[in-house]
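Predicted model, so just to flag it, every value in this text is computed and none were measured. Every chain is numbered from 1, with letters handed out A, B, ... down the list of sequences.
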2 protein chains.
Amino acid sequence: MNAARLSSSARFWVVSVQQRRERERAERHQLIIDAARELAESDGWDAVTTRRLAEKVEYSQPVLYSHFKGKDAIVRAVAVEGFAELGRRMHAARTTPTTTSTAPLRALAEAYLRFAGERPALYDAMFVQRIDIAFGSEETPAELRTSFGEIVAALEPVAGDRDLDALAEAFWSALHGIATLRHGQRLRPELDGDRLDLVLAAFAPA
Amino acid sequence: MNAARLSSSARFWVVSVQQRRERERAERHQLIIDAARELAESDGWDAVTTRRLAEKVEYSQPVLYSHFKGKDAIVRAVAVEGFAELGRRMHAARTTPTTTSTAPLRALAEAYLRFAGERPALYDAMFVQRIDIAFGSEETPAELRTSFGEIVAALEPVAGDRDLDALAEAFWSALHGIATLRHGQRLRPELDGDRLDLVLAAFAPA
DNA sequence: TCCAGGATCTAGCACTGCTAGCGACACGAG
DNA sequence: CTCGTGTCGCTAGCAGTGCTAGATCCTGGA
């Protein structure tokens with residue numbers, strides 16, 4: 001009896017220890033992702049090396065590889081979190097009550113470009129770096145699907161008889177093109193306002 | 001007299017030798033650019049290392065550095081040639097006689113996307129990689145300015161009272177967005193036709 | 001108290017872009 | 001024809017990259 005109770009208690013304790021370990025492991029996992037994103041946002045992705053990253057989280061390099069298959073997987077994890085935030089921002093912009101019908105689309109577009117401008121490194125990981133994330137398939141991360149869904153939802157009221165999926169891809173392409181060319185200093189800043197006005201007028205005619 | 005003639009002849013010969021050397025040097029310069037582009041187009045830019053490139057042109061690495069300041073400069077040289085070709089393609093597409101007024105714009109857009117699709121590595125060097133080429137300034141390579149000019153020219157007939165520069169930037173952004181997202185497998189191939197139709201209809205309403 | 005197993009680190013591999021310094025070769029003078 | 005001179009290209013090496021094998025230490029359980 002005593003043995004049984006002790007054993008049971010011991011097993012319970014073990015489980016608790018395991019839980020604590022798993023929790024600590026999960027925290028460290030997140031710590032690595034956060035450190036990578038911070039490093040990229042402050043010094044650019046070129047500065048995100050496994051050595052610097054390991055130093056920042058105060059572990060040795062091999063620890064990174066016990067959490068992620070390689071550096072690519074870390075960038076991918078950062079990107080997925082980026083999709084989630086972009087989705088949240090677009091949703092908030094789109095659903096904030098307004099008076100006109102095209103305003104939600106404009107709000108969404110502005111939120112998209114603001115995100116790309118404020119977090120260029122994050123945007124880069126999500127959409128520019130070769131990141132090996134399936135987009136059209138079933139393994140597409142939910143965060144990504146939701147983000148695209150926000151664009152579709154914002155365009156739905158103005159689509160008319162146009163194909164909604166193709167329209168969403170076209171509109172997204174325009175935003176993405178502006179975001180990347182802008183970041184590469186290939187567009188004139190003084191035209192920012194006019195340029196977006198033209199895109200909105202083109203895709204959502206009054 | 002004899003000495004003078006000899007001296008003169010010798011000097012002339014020296015000049016000729018110098019010319020030959022300069023010509024050979026220029027040829028090797030071009031050889032490096034071509035090799036870099038071919039390597040990138042067949043195996044991707046990741047495969048373009050100074051060692052492989054040197055091996056391909058059958059010289060040692062330091063020779064590359066006697067022609068270019070560094071690897072970046074080689075990529076830049078490849079990109080500049082890309083601008084020239086893209087400009088030629090767009091010009092040809094735009095000026096080929098047609099019946100309707102929006103056809104030139106469609107032809108230009110299709111030429112742009114065909115170029116991006118057929119030579120993804122070259123397009124990457126031109127517009128995706130950080131390449132440190134000024135775009136808005138006076139040192140902007142002529143090839144680049146001409147390319148943008150083609151877009152402006154194609155939009156001019158359909159601009160109406162819209163700001164032509166902003167319109168060109170917006171239209172270019174849409175094309176660039178499609179090109180890059182398409183290359184990253186982020187757009188559905190089966191929507192290619194519809195998507196472009198929508199962009200054209202949006203920017204050049206009938 | 002001692003052992004087994006897991007977590008973590010040290011040290012090293014093959015590769016990268018880039019460069020210092022040596023050696024060979026072609027040129028021009030005597 | 002021989003001999004300096006100067007240019008040109010090479011070998012070898014540096015610091016830094018992503019990634020990993022093997023040793024080491026530390027903790028939980030008998």
Go through the steps to decide whether B/T50 and B/Y65 satisfy the test side-chain contact (heavy atoms from CB on, under 4.5 Å), and finish with yes or no.
-> CA-CA 10 Å; B/T50 55; B/Y65 292 88; 3.4 Å; yes
Degree of bending in the helix from C/dT1-D/dA30 to C/dG30-D/dC1 once both end axes are built from five pairs, to 10° | 30°
Check step by step if side-chain contact (heavy atoms from CB on, under 4.5 Å) holds for B/H29 and B/F68.
-> CA-CA 9 Å; B/H29 188 92; B/F68 300 93; 3.4 Å; yes
Name all residues meeting the side chain to side chain donor-acceptor pair (under 3.5 Å) criterion together with B/Y59; count only those two or more places apart in sequence or in a different chain, and write none if there are none.
->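 Not a single residue meets the side chain to side chain donor-acceptor pair (under 3.5 Å) criterion with B/Y59.
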With sequence neighbours left out, write down each residue that passes side chain to side chain donor-acceptor pair (under 3.5 Å) with B/E156, or none if nothing qualifies.
->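 Checked B/E156 against side chain to side chain donor-acceptor pair (under 3.5 Å); zero matches.
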Charged N to carboxylate O under 4.0 angstrom, A/R119 versus A/E85?
-> yes
Are B/E118 and B/R89 close enough for a salt bridge, meaning some N to O gap below 4.0 Å?
->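 A salt bridge is present here (some side-chain N lies under 4.0 Å from a carboxylate O).
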Positions of residues 39-57 of chain B (non-hydrogen atom under 4.0 Å from DNA chain C), listed by number |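 Residues of residues 39-57 of chain B that come under 4.0 Å of DNA chain C are, in numerical order, B/V48, B/T49, B/T50, B/R51, B/R52.
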Using whole Å, report how far [atom1] of [X] lies from [atom2] of [N].
| X | N | atom1 | atom2 | value |
| --- | --- | --- | --- | --- |
| A/I32 | C/dT8 | CD1 | C1' | 13 Å |
| A/Y65 | C/dT10 | OH | P | 16 Å |
| B/K69 | C/dG17 | NZ | P | 17 Å |
| A/L64 | C/dC9 | CG | P | 10 Å |

Check whether any side-chain heavy atom of B/T140 lies under 4.5 Å from a side-chain heavy atom of B/F83, and answer yes or no.
->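 SC-SC contact between B/T140 and B/F83 ruled out.
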Do A/I33 and A/I74 have side-chain heavy atoms sitting under 4.5 Å apart?
->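 A/I33 vs A/I74: side chains apart.
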Any donor-acceptor N or O pair under 3.5 Å, side chains A/E81, A/Q30 =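 Yes, because at least one side-chain N or O of A/E81 sits under 3.5 Å from a partner of the opposite role on A/Q30.
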Any protein N or O atoms within reach of nucleotides 6-10 of chain D? Criterion: under 3.5 Å, listing atom names and distances.
unit_1: D/dG9; atom_1: OP1; unit_2: B/R28; atom_2: NH1; d: 2.6
unit_1: D/dG9; atom_1: OP1; unit_2: B/R28; atom_2: NH2; d: 3.3
unit_1: D/dG9; atom_1: OP2; unit_2: B/R28; atom_2: NH2; d: 3.2
unit_1: D/dC10; atom_1: OP2; unit_2: B/S60; atom_2: N; d: 2.8
unit_1: D/dC10; atom_1: OP2; unit_2: B/S60; atom_2: OG; d: 2.5
unit_1: D/dC10; atom_1: O5'; unit_2: B/S60; atom_2: OG; d: 3.4

Applying side chain to side chain contact (heavy atoms under 4.5 Å, CB included), name anything that partners B/E139, two or more places apart in sequence or on another chain.
-> B/A134, B/S137
